[in-house]
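FYI, side chains are in, hydrogens and waters are out, and symmetry mates aren't considered; it's all heavy atoms of this structure. Residue numbering restarts at 1 for every chain, and letters A, B, ... go by the order of the sequence lines.
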Amino acid sequence: MNWGVLLLPGSNCAEDCFHAVDQVLGQPVRYLWHKDTDLGDVDAIIIPGGFSYGDHLRPGAIAHLSPAMTSVKAFAEKGGLVIGICNGFQILTESRMLPGALLQNKGLKFLCQDQTLRVENNSTAFTSEYEAGDVIICPIAHNEGNYYAKAETIEEMEANGQVLFRYSSPDGEVSDATNPNGSINNIAGIINRNGNVVGMMPHPERSADSVLGLSAGKGVFVSMLKHLEAVNS
Amino acid sequence: MTEKKAGMEEKLWRKAGLTDSEYALLTKHMGREPNVVELALYAQMWSEHCGYTHTRPLFKHFPTTGPRIVQGPGENAGIVDIDDDEVLTFKLESHNHPSAIAPFQGAATGVGGIIRDILAMGAYPIASLNSLHFGHPGDRGHTRWLISEVVHGIGEYGNCVGVPTVGGELRFADAYKGNPLVNAMCVGYMKKSEIKKAIATGVGNSLMIVGNLTGRDGMGGASFASKDLEEENDDDRGAIQVGDPFMEKLLIEACLEVFQEDYVVGVQDMGAAGILSSSVETASKAGNGVEIDVALVPKREEAMRPEEVMISESQERMLLIVKKGMEEKVNKIFHKWDLHAVVIGHVTDDGMYRVLEDGKTVGEVPVWSLMDAPTYELVGEAPAHLQRTQSFKNSDVDVPDDLNQVLIKLLGSPDICSKEWVYRQYDHRVQMNTVVKPGSDASILRIKGRDKGVGVTMDSNGRYCYLNPRTGSQSVVVEAARNLVVSGAEPIAITDGLNFGNPETPDVYYQLEQAIMGLSEACRALNTPVIGGNASLYNQTPEFGAIYPTPIVGMVGLVKSLDHTTTMEFKAEGDHIILLGTTREELGASEYLDQIHGMVMGDVPELDLEEEAQTQAFILKAIRAGLLSSAHDLGDGGLAVAIAESCIKGELGAHIELDANIRADALLFGESQSRFLLSVTPDKADQLMDMAAEMGVEAATIGKVSTDKKLSIKNNETQLIDRDLALCADAFNTGFDKMMKTDG
Amino acid sequence: MLRAIVTVMLKKGIFDPQGRAVHNGLESIGFEGVKQVRVGKQLEIDLNLTDRAEAKKMVDEMCDKMLANPVVESFSYEITEV
Amino acid sequence: MLRAIVTVMLKKGIFDPQGRAVHNGLESIGFEGVKQVRVGKQLEIDLNLTDRAEAKKMVDEMCDKMLANPVVESFSYEITEV
Ligand SMILES: Nc1ncnc2c1ncn2[C@@H]1O[C@H](COP(=O)(O)OP(=O)(O)O)[C@@H](O)[C@H]1O
Ligand SMILES: [Mg+2]
């Protein structure tokens with residue numbers, strides 16, 4: 001399977017995502033340059049974290065207008081797998097490929113810490129490696145991770161099982177006390193109606209390489225790979 | 001030559017910060033009087049900041065060579081060998097004055113500046129650290145604002161540029177009330193073959209400026225940084241630069257891409273005195289001259305005077321010395337990253353530094369003379385306070401009745417409490433190399449594709465150096481080394497930051513001289529040469545006086561195998577707890593004396609550098625033999641605090657039984673040097689104790705790790721400490737937040 | 001030349017933590033009688049245009065495409081001569 | 001009730017990276033004729049006051065003490081009735 005990592009100016013985590021696919025997953029991967037509209041033959045696209053365009057104006061505000069994003073949209077419309085991590089999630093909401101928006105953390109500070117997440121829905125192309133209710137550690141590192149959407153939208157997403165991950169305690173409890181940034185319903189990651197576009201604030205790539213002491217995030221990439229292999233076989 | 005007369009009758013040079021004798025000297029060098037442009041060149045290059053006028057003569061004491069030293073002081077940053085044809089480059093830099101008046105921007109641009117030093121060596125920046133000193137935050141809202149802004153500025157820059165901020169230190173004393181210290185350090189990685197130098201070789205080669213536009217930012221920052229920080233000086237306030245980490249990220253990508261090709265012969269970042277100092281330094285190293293036309297420099301502002309362009313400190317700019325004919329190729333790569341690369345001049349063979357404006361010469365002086373800043377060797381005099389402070393005797397203070405209370409207070413005190421409030425605002429994981437995160441003694445980064453890693457730490461102790469500049473400075477070096485060694489890293493080299501008051505006063509000069517001697521002695525004893533550093537003098541204000549003499553040490557070590565890293569927290573019930581070293585009845589200079597008795601008094605603890613080196617060698621050997629469950633050095637707050645820290649981080653209790661014959665407060669909280677706290681599984685305990693005996697290191701089993709979540713310390717059957725771990729943890733973990741919320 | 005002064009604020013009803021922080025900050029240093037604080041962005045955009053109608057059209061489009069996120073923000077602007 | 005609308009901008013001559021990024025962003029999606037962009041903050045402060053002079057004095061003090069850092073920022077404000 002061919003993986004693509006979108007390279008936008010200021011995408012600091014592009015190398016990290018590349019490393020996760022290349023070294024941890026052992027799959028072919030290349031960078032997709034933001035000025036190119038031709039994505040070539042990729043099967044899955046990662047929009048990495050970082051500070052595209054310096055996060056000026058709003059995170060993702062300038063990046064989602066880049067030429068490559070037009071092609072990413074078209075790719076997703078045809079059913080291609082797209083995952084936006086951290087800044088990538090922000091870019092996906094800015095481009096309306098995912099509902100809602102990411103506001104500044106309630107505590108007004110950048111937060112870099114290990115974070116426990118509860119897996120809400122494991123019947124997706126991105127989460128099949130987990131059991132529903134699993135608690136995984138996935139680091140967060142963001143200043144604008146406070147997920148917001150209108151009440152109707154939230155209700156609809158909840159009803160459709162579009163919430164993939166919630167910020168929880170190590171025992172899987174979800175409460176205000178386990179909410180690091182003020183997200184509605186402790187939402188940490190969501191999927192679109194079609195089930196092929198995911199956005200999440202936590203960094204699965206940072207908990208993929210076991211040398212760094214964490215490995216639960218690898219499941220996201222393995223799930224994607226298994227899904228691709230199944231549909232392509 | 002231009003006919004403009006400089007009006008030197010008005011003693012313009014004094015305004016520019018030059019003394020009468022310096023003016024006479026430069027006139028002699030030039031063979032005539034300078035014009036305004038030329039005067040500005042000298043004023044900048046001969047400032048303390050660029051010319052190291054007071055510190056350069058003292059640098060000769062530093063050991064600077066060793067088997068792993070590839071590059072000592074003299075380049076943008078030093079380089080050390082970490083085997084496999086791989087090297088690290090690192091350096092620290094102060095940004096004290098800008099941070100005092102615009103803390104967010106001052107701190108942010110400090111981070112950006114040191115990253116460019118590393119980039120200029122050809123390396124990829126892999127880690128940032130910072131050492132911060134403030135007044136006590138409980139005292140003033142202003143101090144809390146400074147802390148918030150500085151931390152925010154460091155975080156925002158580092159996070160955005162994508163270099164993990166993996167460690168540092170944060171210390172408090174009233175001496176920093178008027179003059180906070182912000183020192184930033186950066187570590188870079190590269191292959192040996194990728195090393196770049198700051199040199200302008202090849203007559204006819206082009207000088208290209210890359211990165212940001214040039215504006216009137218930081219006008220005269222170099223000489224500004226060398227003046228006392230006076231209050232309400234509006235001119236100085238105009239000097240604030242704004243950082244753009246996004247631009248810096250692009251600059252890193254573009255530069256490293258250009259370096260892959262054979263286009264560039266030299267690189268220099270633009271720091272203090274911008275285009276001027278970067279080009280002078282590169283030319284001087286090659287023995288060449290340069291010619292720069294200010295009209296060619298891409299500018300952000302209109303009607304800039306030639307000297308303004310030359311000394312502007314606009315951020316995120318670099319100077320490349322590009323092979324003749326390769327300019328377009330370089331520009332193409334920068335263009336890809338939406339940056340420009342513009343030819344502003346070229347290398348000449350006449351040894352002159354020539355400034356042009358639209359092709360017309362507006363200033364011309366010999367390159368060597370700009371680099372030849374006069375130096376000053378003054379006669380120091382021991383500060384008067386030493387007689388008073390060293391007269392302290394332990395009997396001047398009573399042993400407190402409630403030692404539990406003392407422990408809790410110390411755990412929550414500013415210097416000791418957890419700094420998570422700070423480092424959770426820093427992305428310490430980006431780049432995916434951080435094996436040991438901040439919160440331990442040193443942070444460890446892996447080298448991708450290898451089994452080895454790198455340990456990094458930054459340390460200082462202003463109070464120690466105030467009470468004994470020589471031994472105090474030695475202690476700073478050995479403490480940095482301890483932090484590395486307990487993490488499993490073998491110390492390689494240091495970069496030093498000399499933060500002092502006005503060196504023209506004899507007592508400050510004494511402190512400076514003694515500190516440099518002390519650093520040098522300790523570096524020799526530990527085989528950790530000095531490969532670079534920075535001096536920030538004149539850190540004083542009329543209202544609050546001079547800061548503590550504060551040499552800061554940034555140290556880097558090699559972890560030969562990641563299997564051999566160790567952390568400070570206790571790991572398992574039943575593990576034996578072992579104390580290395582000798583506990584003497586030493587209360588002087590301690591955190592305990594300061595926090596509990598409100599006294600900055602006494603002499604620093606005795607330090608035997610040979611014993612220290614031997615103990616450190618033993619710990620490394622034990623870690624590499626896989627014997628240790630945990631290792632932690634004893635520092636601020638002594639034995640009791642170290643035990644509590646290992647318990648809190650490991651969420652395990654400890655039962656300790658001692659048999660000492662000294663005062664209880666000295667036993668628990670004294671800061672005798674060369675001591676470490678280890679834990680070991682029972683089956684390996686004998687082997688460890690044998691190894692200690694063989695190497696002549698004093699080691700005593702003092703207790704066991706327990707699961708009852710209690711911290712208990714007895715001495716000769718007397719219960720000294722008996723506390724629930726939860727109470728200790730709460731004090732330690734919430735100390736910082738509480739401090740930042742105090743009203744005042 | 002025309003200058004557009006664009007104000008982008010969080011929509012009413014969306015919690016504004018920054019406004020709250022400033023509010024608290026003001027109270028903590030002794031300012032009483034502050035009822036509410038909201039914090040937004042202001043952009044000054046200088047345009048090489050002389051025709052106001054044209055400028056208006058352009059700025060509307062800028063806001064829609066990039067300057068404001070309609071999910072959470074509202075914008076308003078004024079055009080002045082400079 | 002009175003509302004103070006406070007604008008805090010970087011001082012003229014101080015580099016505004018945010019403004020530059022927005023400027024470049026606008027150009028990259030095809031907006032031509034933009035000469036300069038500067039980005040600042042706007043604060044809406046609702047005050048339980050009726051006296052304008054009193055409000056003015058208060059807001060001046062707020063800006064000096066907290067809302068703007070005079071080293072890098074300048075402020076201006078308007079007071080309106082709401
Ligand atoms: N300013 C800072 N930036 C980043 N990390 C910091 C900072 N201050 C302290 N830390 C981290 O907090 C931990 C404790 O620091 P410190 O008390 O100085 O440790 P030690 O006494 O072992 O040197 C270290 O891991 C250090 O890296
Ligand atoms: Mg330590």
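Note that CG of D:L47 is 10.5 Å distant from NZ of C:K35, once rounded to the nearest 0.5 Å. Here the straight-line distance linking atom CD of C:Q36 with atom CG of D:N48 works out to 11.0 Å at 0.5 Å rounding. Taken to the nearest 0.5 Å, the CD atom of D:E44 stands 7.0 Å off from the CZ atom of C:R38.
Proximity to chain D (any heavy atom under 4.5 Å) is restricted, for C:M66, to the side chain, taken from C-beta onward. With a threshold of 4.5 angstrom between heavy atoms, C:I5 does not approach chain D through any atom at all.
Close approach to chain C, defined as a heavy atom under 4.5 Å from one of its heavy atoms, is seen in D:V22, D:G25, D:L26 of residues 16-27 of chain D, taken by number.
More than 12 heavy atoms of other shown residues, nucleotides or ligands fall within 6.0 angstrom of atom NZ in C:K41. With a 6.0 Å radius and a threshold of 12 heavy atoms from other residues, nucleotides or ligands, C:K11 has its NZ atom above the threshold.
With chain D as the partner, the residue from C:E32, C:M1, C:M58 showing the most heavy-atom pairs under 4.5 Å is C:M58. Contacts with chain C were tallied for D:R3, D:K65, D:E61; D:E61 has the most, counting heavy-atom pairs under 4.5 Å. Ranked by heavy-atom pairs under 4.5 Å with chain C, the first of D:T7, D:V8, D:L49, D:L67 is D:T7.
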